[in-house]
Amino acid sequence: MERVVFSDAGPADWPALLCLWWRNVRVSHGFVAEGYLRAIGAALPGVYLPAMECVRLAWLAGAPCGGAGEGCAPGAGQDAFLSGTVAVPNPTGGRWLAGFLGSVGQRVEMLFVEPGLRGRGIGTALLDAFGTRHPEILLDVNEQNTAARAFYARRGFEVVGRSPLDGAGQPYPLLHLRRLRAGSTGTVPAS
C-alpha cells in the first residue's frame with residue numbers, strides 16, 4: 001500500500017469531493033436512476049456533506065498513475081461531468097486527493113475512492129483510521145453494489161439487517177453492516 005496522509009475536510013473542499021463522488025458513482029452505481037443520482041449530487045455539497053460530524057480526506061503524494069496529463073484527476077476532462085459541476089484541479093500542493101470518508105458518530109455515511117486508485121489500500125486506510133477511534137463501525141451499503149459488498153466483507157463487516165428501501169424511500173435495498181474491533185463487544189442494531 002502506498003503512503004496515505006489524512007486531513008479534515010471543510011466547505012472549501014466540497015467541490016473537489018463532489019467531483020470525486022461523481023467519478024465514483026459513474027463506475028459503481030450504474031443500478032441507480034440518473035435522475036436520482038443528479039438529486040443526490042445536487043444535495044451533496046449543501047446537505048449531505050455539512051451534516052457529517054467528520055469528513056476525512058485521504059491524500060497520496062505526487063501523481064499516482066504517472067500523472068493525469070493536465071493536473072486534473074482521472075476523468076476530469078471538460079465533458080466528464082454533468083452541467084453544473086466543475087473539474088477541480090488535482091493534485092493540490094503535490095498531494096493527490098485519493099478518497100474521502102464522511103461519518104456521524106460510529107457510523108460511516110459515505111466512503112468514496114478515486115476510481116483509478118481502487119485496489120491500492122486507500123479505502124482500507126480510511127476505514128482503519130476511523131476504526132482506531134470507534135470499536136464498532138456501522139454502515140449501510142446498496143445491496144446491488146456487489147463490489148462494495150465484497151470490499152466490506154473482506155474487511156470483517158457482517159450483515160446485521162436489511163431495508164427494502166434506501167434512506168430516502170427509493171427502491172434501492174440497503175444492507176446494514178457492522179464491524180467490531182477484536183476484543184470489543186457491541187449491540188446488534190434492530191433491522
Side-chain angles (χ1 to χ4, degrees), residues 1-30 32 37-104 107-134 137 139-142 145 147-148 150-152 154-155:
M1 180 182 89
E2 298 172 63
R3 184 167 177 266
V4 178
V5 178
F6 302 104
S7 67
D8 290 323
D13 299 304
W14 295 172
L17 300 186
L18 177 61
C19 288
L20 190 152
W21 178 86
W22 270 117
R23 288 188 299 276
N24 189 289
V25 298
R26 289 288 178 225
V27 173
S28 63
H29 288 69
V32 177
L37 284 178
R38 287 177 185 255
I40 295 168
L44 194 69
V47 177
Y48 296 124
L49 286 168
M52 298 296 104
E53 286 178 4
C54 181
V55 178
R56 295 288 285 170
L57 305 177
W59 301 90
L60 294 178
C65 302
E70 297 180 353
C72 291
Q78 180 176 350
D79 300 320
F81 304 107
L82 302 172
S83 62
T85 66
V86 295
V88 177
N90 201 359
T92 302
R95 299 180 307 170
W96 187 272
L97 179 59
F100 70 95
L101 182 149
S103 62
V104 175
R107 176 169 286 284
V108 172
E109 297 289 349
M110 53 184 77
L111 173 61
F112 293 97
V113 172
E114 184 67 52
L117 300 178
R118 287 187 182 170
R120 293 172 81 162
I122 295 155
T124 300
L126 282 161
L127 278 174
D128 288 350
F130 183 77
T132 63
R133 297 183 312 277
H134 301 282
I137 302 174
L139 59 85
D140 293 336
V141 65
N142 290 104
N145 191 341
F151 169 83
Y152 291 121
R154 287 190 306 270
R155 280 141 193 89

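What you see is a predicted model; the values in this text were computed from it and never measured.
Across V104 and E53, no two heavy atoms sit closer than the pair CG1-OE2, 3.6 Å. In this structure, V4 and L60 approach most closely via the heavy-atom pair CG2-CD2, 3.9 Å. Between W14 and P45, the shortest heavy-atom contact is CD1-O, 3.1 Å. Closest non-hydrogen pair, G99 versus L126, comes out as C-CD1, 4.0 Å. Taking each heavy atom of L139 and Y152 in turn, the nearest pair found is CD2-CE2, 3.6 Å.
Rounded to the nearest 0.5 Å, atoms CG (L111) and CZ (F151) are 5.5 Å apart. Atom CG of D8 and atom CZ of F100 lie 14.0 Å apart (nearest 0.5 Å). Within the model, atoms OG of S7 and CZ of R56 stand 6.5 Å from one another, a figure rounded to the nearest 0.5 Å. Atom CG of D140 sits about 5.0 Å away from atom CZ of R107, to the nearest 0.5 Å.
Between N24 and the choices H29, E114, R118, the side chain to side chain donor-acceptor pair (under 3.5 Å) rule is met once, by R118.
Note on ring orientation: taking the six-membered ring where Trp is involved, the planes of F112 and W21 are perpendicular (angle over 60°, cut-offs 30° and 60°).
Using a 4.5 Å heavy-atom threshold, the side chains of M110 and L49 count as touching. Contact annotation: the side chain of L17 never approaches that of L44 to less than 4.5 Å [non-hydrogen atoms, C-beta and beyond]. Annotation: side chain of L97 is in contact with side chain of W59 (closest heavy-atom distance under 4.5 Å).
Under the 4.0 Å criterion applied to side-chain N and carboxylate O atoms, D128 and R155 are not assigned as salt-bridge partners.
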Item to check | Intermediate values then yes/no, side-chain contact (heavy atoms from CB on, under 4.5 Å), V25 and V32 | outcome: CA-CA 9 Å; V25 298; V32 177; over 6 Å; no

